[in-house]
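Right, one structure below, let's go through it.
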2 protein chains.
Amino acid sequence: MERIQRMTRQKKIILDILRSVKTHPTAEWIYQEARQQIPGLSLGTVYRNLNLLRDNGEIMELNYGSSQSHFDGTAANHYHFQCRECGGVYDLDLPLIKNIETKASGINGHQIDGHRLEFYGICEACLDRRRFEEND
Amino acid sequence: MERIQRMTRQKKIILDILRSVKTHPTAEWIYQEARQQIPGLSLGTVYRNLNLLRDNGEIMELNYGSSQSHFDGTAANHYHFQCRECGGVYDLDLPLIKNIETKASGINGHQIDGHRLEFYGICEACLDRRRFEEND
DNA sequence: TTAAATGCAAAAGGTTTGCTACTGC
DNA sequence: GCAGTAGCAAACCTTTTGCATTTAA
């Protein structure tokens, strides 16, 4: 019952861009990047491909705040940090907390099969900018 | 520089509803409930009040998935579980992980001041429904 | 009295979708 | 050849906002 996916030029470029950056960009940002390689690209195509790739387990969608989603080229679970000031999302190289899902499962009748841990604060770049602006 | 907030009838009812339920409803759900007490209530007012209450630290906004936000009458950090099937959000009575923010802070130059942990899976109600439907 | 909040409706912003043409496989 | 995809634009859905009016303190 699985749908067969085609590797179109558009999808390949979107995936390449996402895998080549360390940040976790929005669909709009990816669209602007990809358009440099495919001028006629449409934003709808970017969204459709990001959704296909996510459903296929090749990338991860991160939705923080209530605004736009960010996308992560690595699908395996890992933790993130989001800056309260600029909204940027960064990886956090903290080892996965083992057994946390098992521990949480014992508490009630829900069947737990995943978890997500995010940190918030001010990113290094915004901290630097603040220090710089203080010295006016 | 703090803005003075008034306790209007609308705001009080919205807060009362949110504090009286165990689930973490959406703005739309709260609107439908509150309208039974204030028929002329507008959805915009619900959103405005939820934002005011959140900014004031009286409630918490939870944004999972990319669709609607859920609201939690308890503002202090605690962990949640979201059902992949029905989208419902529940509290998870797991103690806060101590020092996790300190631990994460050492990794890079970001300044961390908060964290959020969510679990995913199938909720008890959906599990029950599945079992029931299997017995056709 | 008066600044804050309401109701209404319009607008905004991100994402999805219908449709026709095109293209991987 | 044909199902899956692209491009385009319109639709969708949640949330925000402008404005005239009302209301809490």
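A, B, ... follow the sequence lines: proteins, then strands. Residue 1 opens every chain.
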To the nearest Å, give me how far apart [atom1] ([X]) and [atom2] ([N]) are.
X	N	atom1	atom2	result
A:Glu28	C:dT15	CD	P	9 Å
B:Glu61	D:dT14	CD	C1'	11 Å
A:Met7	D:dG4	CE	C1'	13 Å
B:Arg54	D:dT16	CZ	C1'	12 Å
A:Asp55	D:dG4	CG	C1'	15 Å
B:His70	D:dT15	NE2	C1'	15 Å
A:Leu43	C:dT17	CG	C1'	13 Å
A:Leu50	D:dT5	CG	P	14 Å

Check: Does A:Asn51 have a side-chain nitrogen or oxygen under 4.0 Å from the phosphate oxygens OP1 or OP2 of C:dT16?
Finding: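 So the side chain of A:Asn51 is within the cut-off, an N or O lying under 4.0 Å from OP1 or OP2 of C:dT16.
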Margin query: Does a side-chain N or O of B:Ser69 approach OP1 or OP2 of D:dT15 to a distance below 4.0 Å, or not?
Written below: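 For D:dT15, OP1/OP2 do have a side-chain N/O of B:Ser69 under 4.0 Å.
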Note to self: Within the structure provided, determine whether A:Glu118 and A:Leu62 are in side-chain contact (heavy-atom separation under 4.5 Å).
What the structure shows: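 With C-beta onward as the side chain, the pair stays apart.
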Checklist line | Donor-acceptor contact present, side-chain B:Tyr79 to main-chain B:Ile97, <3.5 Å | finding: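 Confirmed, B:Tyr79 side chain pairs with B:Ile97 backbone.
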Check: When the ring centroid of A:His24 is compared with that of A:Phe81, is the distance short of 6.0 Å?
Finding: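 Ring centres of A:Phe81 and A:His24 not closer than 6.0 Å.
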Item checked: Spatial distance of atom CD1 (B:Ile100) from atom CG (A:Leu94) [nearest 0.5 Å] ->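 These two atoms lie 5.0 Å from each other.
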Item checked: Ring geometry between A:His110 and B:Tyr90 (parallel below 30°, tilted from 30 to 60°, perpendicular above 60°) ->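 B:Tyr90 and A:His110: tilted rings.
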Check: In a check of salt bridge (Lys or Arg N to Asp or Glu O under 4.0 Å) between A:Glu133 and each of A:Arg129, A:Arg130, A:Arg131, which one passes?
Finding: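 So, applying the salt bridge (Lys or Arg N to Asp or Glu O under 4.0 Å) to A:Glu133 and each of A:Arg129, A:Arg130, A:Arg131, only A:Arg129 qualifies.
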Checklist line | B/S/- contact track for nucleotides 1-7 of chain C, protein heavy atom under 4.0 Å | finding: --BBSBB
